[in-house]
Enquirer: 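My structure is below; once you've seen it, I'll send some questions.
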Number of protein chains: 2
Amino acid sequence: MSQSPAAQTTERKRGSGVKFVYDVLRDEIIDLVLPPGSPIDEIQLAERLSMSRTPIREALVRLAGEGLVTTLPNRSTVVSNIDFLNLHTFFDALTLMYRVTTRLAAEYHTPEDLDIIRARQADFARAVEAQDALAMIATNREFHAEIANAGRNPYFAGLFYRLLDEGRRLLRLYYSSFDDRLPQRYVTEHEEIIAAIAARDVARADKLASEHADQIVRQIQNMISRDRRQRIEL
Amino acid sequence: MSQSPAAQTTERKRGSGVKFVYDVLRDEIIDLVLPPGSPIDEIQLAERLSMSRTPIREALVRLAGEGLVTTLPNRSTVVSNIDFLNLHTFFDALTLMYRVTTRLAAEYHTPEDLDIIRARQADFARAVEAQDALAMIATNREFHAEIANAGRNPYFAGLFYRLLDEGRRLLRLYYSSFDDRLPQRYVTEHEEIIAAIAARDVARADKLASEHADQIVRQIQNMISRDRRQRIEL
DNA sequence: GTCAAGATTCTTGTCGACAAATAAAATACA
DNA sequence: TGTATTTTATTTGTCGACAAGAATCTTGAC
């Protein structure tokens with residue numbers, strides 16, 4: 001197998017090595033190009049990205065810190081598995097962060113923040129209209145990430161980003177059975193959330209975010225149980 | 001300056017290098033042995049811990065992921081500064097995590113969890129009785145960390161640990177002006193929290209945790225403003 | 001004396017190599 | 001044939017070295 005020419009010829013600036021590896025791996029993990037449980041061979045990766053093992057390892061340490069990969073001591077590092085048994089902890093955290101970040105955005109946002117949030121919402125609406133499920137997943141993440149950003153709390157935002165990425169992984173996993181009737185509802189809910197933030201109505205923002213989160217959690221749970229049933233029927 | 005003999009003679013097991021460096025650095029940062037803003041020289045550190053730069057760097061990457069150090073590209077990495085201008089974001093996050101973890105502990109704890117929590121509380125009470133402020137700070141952290149552990153939500157626990165460590169840094173900074181009248185009150189509040197958790201009274205656990213958090217936040221704010229006044233009077 | 005350009009030193013980012021630890025294969029034995 | 005044990009091979013963790021940038025020092029012009 002020959003390497004892609006881009007990886008060979010493109011000269012990367014000094015210092016951008018780890019970030020490059022980190023970005024590549026992160027994307028591949030979140031997009032399930034590297035499915036949960038798949039081992040990551042440092043040497044192979046070093047050859048593929050045409051660089052030494054050192055920056056690869058540093059990127060892996062960073063990913064391990066974010067929980068995306070798990071390093072078995074003296075053994076291979078693997079893409080972290082999704083813990084289906086404790087999914088409720090994920091849902092709890094996701095729901096609370098939806099609420100908190102939206103509340104804070106209603107309180108602390110600037111006019112410029114609103115512009116960006118509206119732009120993200122437009123992206124999302126476009127993806128829904130195009131019935132592009134993959135784009136929906138990605139743009140939906142950006143929409144909520146931007147709201148968290150407007151909330152100006154890096155602690156909450158940091159956890160929320162991590163949860164949103166984990167959610168992307170989950171959604172990709174059940175992408176095949178993605179129900180495309182619901183998203184239109186999401187568009188409307190997003191619009192309401194934007195209105196509440198713009199009006200600085202904290203209580204309403206909280207309530208809408210909470211309902212929105214419940215909606216998403218329910219959809220994921222439906223996907224999972226539907227998938228279970230299908231597997232049993234096989 | 002000669003190195004400590006322990007670092008020289010002690011043979012460390014293979015694979016424990018990064019963890020060792022990480023633990024040493026983390027402790028020194030949290031205990032303000034390395035004050036905020038101080039640069040971290042990789043070579044110097046490598047000599048002090050008598051190992052190569054590679055494990056040092058990997059430990060630094062991990063610490064950077066947790067926000068304890070900041071790496072300037074192509075420049076030295078420094079111990080992260082405390083952002084006094086945005087302390088309210090820290091207080092917001094800390095308060096919410098106090099509440100959430102205590103709630104979840106009330107809901108999901110096992111009898112063994114309670115034993116450990118009570119043991120931590122005993123440690124804290126002993127530190128208060130001994131008027132050992134440094135021990136108070138440390139044992140208080142362990143007490144709440146154990147409650148978070150009993151809550152069984154790694155997402156919340158992870159953020160909470162980080163916030164508790166950051167809080168330790170803050171408290172150390174104002175350690176000199178530590179008011180030793182308040183801690184007795186903390187002991188009582190801790191007891192009440194344990195009782196609420198044991199009774200699985202979620203609402204009461206939430207309320208107590210919220211008040212406890214407010215108490216701590218207020219104390220830190222008092223320390224800071226007192227410190228400000230003193231500096232001005234100089 | 002002050003400032004700018006060039007040279008030098010120092011630190012970081014990356015590399016290739018080696019040794020310990022583990023996994024896989026081969027051999028011996030029942 | 002199946003299992004235990006040794007041998008081989010692969011992979012990780014660590015090391016020393018080198019080159020690119022940044023910081024510092026030196027020199028020179030005004």
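What you see below is based on every heavy atom in this structure, not just the backbone, and it leaves out hydrogens, waters and symmetry mates. Letters A, B, ... mirror the listed sequences (proteins, then strands); counts begin at 1.
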Enquirer: Rounded off to whole Å, could you give me the CD-to-C1' distance for the B:E42 and C:dC10 pair?
Expert: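 About 12 Å, once rounded to whole Å.
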Enquirer: How is B:L60 classified with respect to the nucleic acid when contacts are heavy atoms under 4.0 Å: base, sugar-phosphate, or nothing?
Expert: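 No contact.
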Enquirer: How long is the line joining CD1 of A:I43 and P of C:dC18, in whole Å?
Expert: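 Nearest whole value for this atom pair: 14 Å.
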Enquirer: Between D:dT12, D:dT14, D:dC18, which nucleotide gets closest to the side-chain atoms of B:R53?
Expert: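 That would be D:dC18.
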Enquirer: Is any side-chain N or O of B:R75 closer than 4.0 Å to OP1 or OP2 of D:dA23?
Expert: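 For D:dA23, OP1 or OP2 has a side-chain N or O of B:R75 closer than 4.0 Å.
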Enquirer: Are A:Y161 and A:E66 close enough that a side-chain donor and a side-chain acceptor fall under 3.5 Å?
Expert: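 Note: A:Y161 and A:E66 side chains miss the donor-acceptor criterion.
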Enquirer: Using atom CG of A:N74 as one end and atom P of C:dA23 as the other, report the distance to the nearest whole Å.
Expert: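 Distance, rounded to whole Å: 9 Å.
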Enquirer: Tell me: CG of B:L72 to C1' of D:dA22, nearest whole Å?
Expert: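 Roughly 11 Å, once rounded to whole Å.
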Enquirer: Using whole Å, report how far CD of A:E58 lies from P of C:dT12.
Expert: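 The answer, rounded to whole Å, is 12 Å.
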Enquirer: Rounded to the nearest 0.5 Å, what separation is found between the CG atom of B:L32 and the OG atom of B:S38?
Expert: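 So the gap between those two atoms works out to 9.0 Å.
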Enquirer: Would you sort out whether A:R120 and A:D123 count as a salt bridge (Lys or Arg N to Asp or Glu O under 4.0 Å), showing the intermediate values?
Expert: CA-CA 5 Å; A:R120 296 289 159 274; A:D123 294 340; 3.5 Å; yes
Enquirer: If you only use heavy atoms from C-beta on, which nucleotide in C:dC18, D:dT11, D:dG16 is closest to the side chain of A:D41?
Expert: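 From the listed options, D:dT11 comes nearest.
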Enquirer: Please state how far atom CD in B:E47 lies from atom C1' in D:dC15, giving the value in whole angstrom units.
Expert: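 After rounding, the gap between these two atoms is 14 Å.
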Enquirer: With nearest nucleotide decided by heavy atoms, which residue, A:P73 or A:T54, maps closer to the 5′ end of DNA chain C?
Expert: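 Whichever sits nearer the 5' end wins; that is A:T54.
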Enquirer: Just how far, in rounded Å, is P of D:dT11 from CD1 of A:I56?
Expert: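 In whole Å, D:dT11 P lies 15 Å from A:I56 CD1.
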Enquirer: The side chain of B:S52 lies closest to which of these nucleotides: D:dG16, C:dA17, C:dC15?
Expert: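 The closest nucleotide is D:dG16.
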Enquirer: Just by distance, no angles: are the side chains of B:Q219 and B:N222 close enough, under 3.5 Å, to form a donor-acceptor pair?
Expert: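 No, B:N222 and B:Q219 have no side-chain donor paired with an acceptor closer than 3.5 Å.
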